[in-house]
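Some notes on the structure that comes next.
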Amino acid sequence: MSSVSTGREGATLAEFAQLVRLRAGLILTLLALVVVTTAVVTALLPRWYAATAVVRVEKPEGKERLFQASSPGYIDPYFLQDQQRILQSAKVVYPVIEKLALNEKVGRMLGLNRPLPTDQTFDYMTRKMIRVDSPRASSLIELSVEAQDPQLAASIANAIVETYAEDRIAFATSEQRSGLAQLRKELEEQERTVSTQRDRVEQLRKDLSIAGVDLNARYSDMEIDTLRQMQNSLIALSVEAIGKRTRYERFKAIPVSERLNLVNSELIQDTNIQNLLQAFFVAEQTVTRMRSRFGEAHPDLVAAVDNSAKIREQLDAQLRGYESSLEIAYKEAEARVNELKNQLAQAKVDQILSARDRMRPFEESVQKLDDETRLLSTLKVNLRQREIDFQVPRRSVEILSQAESPRRSSRPSWGVNLTLAVLVGSVLGIGTAVAFELLDRSLRTLADVEAKLGKPVLAVVAWRGQESPRQTLAPEEEEPYRVLDANLGLARGKIQGTRVTLFTSAGPGEGKSTTLSRLARAAGASGARVLVVDGDVRIPSQHTTFGANRRPGVGEWLKREVETGAILQTAVAPQVDLIASGAVNGLTLTLLHADRLRELLEWARGRYDRVLLDCPPIIGVSDAAMLATLADEIVLVVQHRRNPGSMVIRAQQILKELGREITGVVLNGVPKDSGEDYGYYTSNYAYYRKTEEKGREAREAKTERIDFKE
């Protein structure tokens, strides 16, 4: 299991390395573009200089204790974070902005002809210029200021740390001063409290006729006058309560209809009830007067009767309320009598208590005076200690190093920028190469071609750049065409006679015409008589490849303008003859020309060993379909990574629909360093050709030595 995994991983890495080699041009181009762009941008960016100052801060203790051993110090990270924020706060930076006139300088730095508002200058400085950091497990704070002027950067850094140090010292001093002031205020308040409590004790001693401060002594009983006064008050309240109760019971016993007669008497002296009674009498008189003048149904009489009734209802309600008030008054009086009785009873009980219990308020006041006196003494000692501590010099901040004017710029950093450019460019290039690879749907390997098409690869032709078809090839470059000639012969098996071989491709520009011409030269060089027929009458190329005339050719022969012998151009290459395409305007090969072309090919069969028929691409051009029906074997030329695999498969399907099968495939334009499986073909071509040349040179040298000896 592990071996399989390792093999897969190795295959994946090998494929990735192959992809990088294959797309090296694209990767290097993108890498160079990113690096050059970064270098240009870095060269054009303004130079920034960083000046750094270092301060050490200590967290003050909550209470300074001069006369006690100090506890070992520790580093509080939250305190350091707060100090870092304070260093770049408006409290510290605003004075620096004003002191160094940074509104104008920052405005010029930004290319403005006016000074910035202070808040905008502060915001720009905290975002772009000021950096605060603290090393781990350290009480040091490093303040770094960046500016386009090195001297300005150092001035700002020093001004900030100096302002921060002054503010920190002032804050610590103000805190101590505030503490002392508050302590003095509490001491004065405590002195007033002690004085007040002492006066209270003296007043209680005076009220209780106590001479001396012996709290254990027993004193005389409570004065009888107090009980006598309470008894007299109880009697008066009882008499008053009896009178109110009697008044309520008398009023309650009077029938409701007769209560109106008591309104003006001494029993009912309520002003509202008296006013309502007068209004009722007037209303009754009005009713009586109207009855003598009007009938019972007269509207004025009815209104007067209703008004009298309403007044009577209000009068009855007031009388009921008066009755309730009488009841409440007598009940309140009885409640006061009961309360006073309880107080008198309690006073009698208190009279028989011990002198200490009766003197408890005095004792508590004396105890409170002692407590307040001790607290006053403690405050005096604490104040004295704080005053001594305040005289001891203490510094919670120290400037360890001033900022100096830097000589080299901090940014842009050539090293960082170019390193990032190389990384980004590499990632971009490799990513683009991978994207192209993923989007590439072409047939990439021999296995893909043979698996998808079900036909063998007859030859693999290496990529040689933009070569001319007439260019003379090196011996190892001719070898693929010899292999193609041999494989075509093997594919025919035992079939004898001249075979018409059609060369076509799925799309234009895949090298079919060049492959045909190279094969013709290789077959001719091997001794075979070869005829090349240029069937691509729309975009012919064979006459250019062999340096021959375009006309007369196939077009003129189809139009019966010339005889067969007139269109034949002999010896365009060793053992190679050519029938060019001709130059008939608007000519398109159709089924009407099939019999005529078949006659031409039959004529060629008896005269040549090889008949190679050039043909337009099979997809999109109708000529190729007709020419495919005339050939004995069809070779499909596929250029490496040019067209999608589906296009090549479609070309094969078109031929199958015509009842034709391709004999094999020629892979054209394969990179020599592709590393894929067909890379072995191209490397072997060169290897065996070089070996053959070495053997030939050795034989020639031996012959020369023999001739020399003779």
Side-chain angles (χ1 to χ4, degrees), residues 458-459 469 481 484-485 488-489 491-492 495 497-506 508 510-524 528-546 548 550 553-558 564 567-569 572-573 575-582 587-591 593-619 621-637 651 654-655 658-666 668:
L458 302 176
Y481 304 103
L484 175 59
D485 185 30
L488 282 174
R492 298 188 191 104
I495 299 177
T498 303
R499 305 283 290 176
V500 177
T501 306
L502 176 74
F503 280 79
T504 187
S505 61
E510 298 197 53
K512 58 176 181 55
S513 298
T514 302
T515 301
L516 184 148
S517 64
R518 297 293 188 195
L519 174 62
R521 294 177 189 273
R529 297 182 66 250
V530 182
L531 174 63
V532 175
V533 180
D534 194 347
D536 192 349
V537 297
R538 302 192 189 193
I539 308 178
S541 61
Q542 294 300 334
H543 66 283
T544 302
T545 301
F546 289 101
R550 180 176 179 179
V554 174
E556 289 78 9
W557 190 80
L558 290 176
T564 304
I567 64 175
L568 182 64
Q569 301 183 56
V572 294
Q575 294 292 99
V576 179
D577 295 343
L578 170 67
I579 297 179
S581 65
L587 177 62
T588 301
L589 300 181
T590 64
L591 292 177
H593 303 114
D595 293 337
R596 182 73 172 160
L597 287 173
R598 189 175 288 107
E599 293 178 7
L600 179 61
L601 296 177
E602 289 298 329
W603 173 84
R605 289 179 188 273
R607 292 172 174 78
Y608 295 94
D609 300 320
R610 303 276 194 279
V611 178
L612 305 180
L613 179 57
D614 197 1
C615 174
I618 194 67
I619 296 179
V621 183
S622 61
D623 301 20
M626 189 275 293
L627 292 174
T629 61
L630 304 178
D632 298 317
E633 54 191 10
I634 300 174
V635 176
L636 185 63
V637 178
I654 291 174
L655 292 173
L658 297 173
R660 309 295 294 169
E661 288 283 349
I662 62 174
T663 304
V665 179
V666 174
N668 189 35

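Here the options are Asp577, Leu519, Leu612, the test is side-chain contact (heavy atoms from CB on, under 4.5 Å), and the partner is Val530; only Leu612 passes. Considering Asp534, Val533, Leu597 in turn, Val533 is the only one that fulfils the side-chain contact (heavy atoms from CB on, under 4.5 Å) rule with Leu613.
The structure places OG1 of Thr504 at 9.5 Å from CD1 of Ile654, a figure rounded to the nearest 0.5 Å. Between the CD atom in Glu599 and the CZ atom in Arg596 there is a gap of 6.0 Å [rounded to 0.5 Å]. Rounded to the nearest 0.5 angstrom, Leu484 CG and Phe503 CZ are separated by 5.0 Å.
Every residue two or more places apart in sequence or in another chain was checked for a side chain to side chain donor-acceptor pair (under 3.5 Å) with Thr663, and none qualifies. Taking Leu601 as the reference, Val500, Val611, Leu630 meet the side-chain contact (heavy atoms from CB on, under 4.5 Å) condition, with sequence neighbours excluded. Leu600 meets the side-chain contact (heavy atoms from CB on, under 4.5 Å) test with Trp557, Thr564, Ile567, Ile579, Trp603; sequence neighbours excluded. Checked against side-chain contact (heavy atoms from CB on, under 4.5 Å), Glu556 has the following partners two or more places apart in sequence or in another chain: Arg551, Pro552, Glu561, Val562, Ala583, Val584. Considering only residues two or more places apart in sequence or on other chains, Asp536 meets the side chain to side chain donor-acceptor pair (under 3.5 Å) condition with none of them. Applying the salt bridge (charged side-chain N to carboxylate O under 4.0 Å, His left out) criterion to Arg550, with sequence neighbours excluded, gives no partner residue.
Shortest non-hydrogen contact noted between Pro616 and Gly535 is CD-O, 4.2 Å. Between Ala528 and Asp609, the shortest heavy-atom contact is CA-OD2, 3.6 Å. Smallest separation of non-hydrogen atoms from Pro508 and Pro617: N-CG, 3.6 Å. Heavy-atom minimum distance, Val572 versus Gln569: CG1-O, 3.8 Å. In terms of heavy atoms, Ile618 sits closest to Ala625 at CD1-N, 4.2 Å. Taking both residues in full, the closest heavy atoms of Ala628 and Leu658 are given as CB-CD1, 4.5 Å, listed atom of the first, atom of the second, then distance.
Considering only heavy atoms from C-beta on, Arg610 stays 4.5 Å or farther from Leu531 through its side chain. For the pair Leu502 and Val635, the minimum side-chain heavy-atom distance is 4.5 Å or more. Between Val666 and Leu636 the shortest side-chain heavy-atom distance does not fall below 4.5 Å. Proximity of Ile662 to Val665: side-chain heavy atoms (C-beta onward) are separated by under 4.5 Å at one or more points. At a threshold of 4.5 Å between non-hydrogen side-chain atoms, the residues Asp623 and Arg538 count as touching. Annotation: side chain of Glu633 is in contact with side chain of Leu488 (closest heavy-atom distance under 4.5 Å).
Between the side chain of Thr514 and the main chain of Gly511, no donor-acceptor pair closer than 3.5 Å is present. The main-chain N or O of Glu510 is found under 3.5 Å from a side-chain atom of Asn668 such that the two form a donor-acceptor pair. Side-chain atoms of Thr545 never come within 3.5 Å of backbone atoms of Ser513 as a donor-acceptor pair (strictly under, hydrogens ignored). Under a 3.5 Å cut-off, the side chain of Lys512 and the backbone N or O of Asp614 do not form any donor-acceptor pair.
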Would you sort out whether Leu655 and Glu661 count as a side chain to side chain contact (heavy atoms under 4.5 Å, CB included), showing the intermediate values?
CA-CA 6 Å; Leu655 292 173; Glu661 288 283 349; over 6 Å; no
Give the C-alpha distance, both sets of side-chain angles, the deciding distance and a yes or no for side chain to side chain contact (heavy atoms under 4.5 Å, CB included) between Phe546 and Arg521.
CA-CA 10 Å; Phe546 289 101; Arg521 294 177 189 273; 3.7 Å; yes
Chi angles and distances behind the side chain to side chain contact (heavy atoms under 4.5 Å, CB included) call for Leu558, Leu589
CA-CA 9 Å; Leu558 290 176; Leu589 300 181; 3.5 Å; yes
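Using a 4.0 Å cut-off between charged nitrogen and carboxylate oxygen, Arg605 and Asp632 count as a salt-bridge pair.
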